[in-house]
Amino acid sequence: MTAFIVFHGTIKDTEKFGEYAKAVPPTLKPFGGEVFLRGKASKIVAGEHGHKICAILKFPDLKSASGWYESDAYQLLISNRDNAGDFTIIIYEELS
């Protein structure tokens with residue numbers, strides 16, 4: 001089943017975030033991942049949500065999504081990500 005990694009974030013340093021965002025796509029390829037959506041919050045219609053941006057990565061399955069997140073290539077980017085902003089990251093698996 002298809003899996004998605006959803007990033008909700010608030011950027012603190014746009015330059016560092018730009019570097020991080022450029023470095024992520026090449027790390028996705030070995031896991032069959034792709035950037036499915038990049039966007040910014042325009043209107044909250046129900047509930048509360050403090051983050052301003054969202055990115056959704058799409059993978060062929062849960063194993064690939066987890067493998068990418070735990071990969072050495074992505075782990076090297078985490079300190080840059082954390083210096084660039086605050087993020088909530090969730091892995092979802094598509095329901096059948």
Any donor-acceptor N or O pair under 3.5 Å, side chains Ser79, Asp82: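 The answer is no; no qualifying pair exists.
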
Using distance alone, with no hydrogens and no angle criterion, decide if His51 and Thr10 have a side-chain donor and acceptor under 3.5 Å apart. yes

Audit row: Tyr92, Thr2, side-chain contact (heavy atoms from CB on, under 4.5 Å) steps and yes/no: CA-CA 9 Å; Tyr92 291 93; Thr2 304; over 6 Å; no

side-chain contact (heavy atoms from CB on, under 4.5 Å) for Phe87 and His8? Distances and angles first, verdict last. CA-CA 6 Å; Phe87 297 89; His8 293 280; over 6 Å; no

Just distance, no hydrogens or angles: give the donor-acceptor pairs under 3.5 Å from side chains in residues 18-30, sequence neighbours left out.
residue	atom	partner	partner atom	Å
Tyr20	OH	Tyr74	OH	2.6
Thr27	OG1	Val24	O	2.6
Thr27	OG1	Trp68	NE1	2.8

Nearest 0.5 Å please: distance from the [atom1] atom of [X] over to the [atom2] atom of [Y].
{"X": "Met1", "Y": "Ser96", "atom1": "CE", "atom2": "OG", "result": "3.5 Å"}
{"X": "Phe31", "Y": "Ser71", "atom1": "CZ", "atom2": "OG", "result": "4.5 Å"}
{"X": "Glu34", "Y": "Ile56", "atom1": "CD", "atom2": "CD1", "result": "11.5 Å"}
{"X": "Phe59", "Y": "Glu94", "atom1": "CZ", "atom2": "CD", "result": "14.5 Å"}
{"X": "Ile90", "Y": "Phe4", "atom1": "CD1", "atom2": "CZ", "result": "14.0 Å"}
{"X": "Leu62", "Y": "Glu93", "atom1": "CG", "atom2": "CD", "result": "4.5 Å"}

Which heavy-atom pair separates [X] from [Y] by the least distance, and what is that distance?
{"X": "Ala65", "Y": "Ile5", "answer": "O-CD1, 3.6 Å"}
{"X": "Arg81", "Y": "Phe7", "answer": "CD-CE2, 4.5 Å"}
{"X": "Asn83", "Y": "Asp13", "answer": "O-CB, 4.1 Å"}

Stepwise side-chain contact (heavy atoms from CB on, under 4.5 Å) check, Leu57 with Val35: CA-CA 5 Å; Leu57 307 179; Val35 177; 3.8 Å; yes

Where do Val6 and Ile89 land on the side-chain contact (heavy atoms from CB on, under 4.5 Å) test, with the steps shown first? CA-CA 6 Å; Val6 178; Ile89 304 166; over 6 Å; no

Using a 6.0 Å cut-off, check whether atom NZ of Lys52 has over 12 heavy atoms from anything other than its own residue.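 At most 12 heavy atoms, drawn from other residues, nucleotides or ligands, come within 6.0 Å of this atom.
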
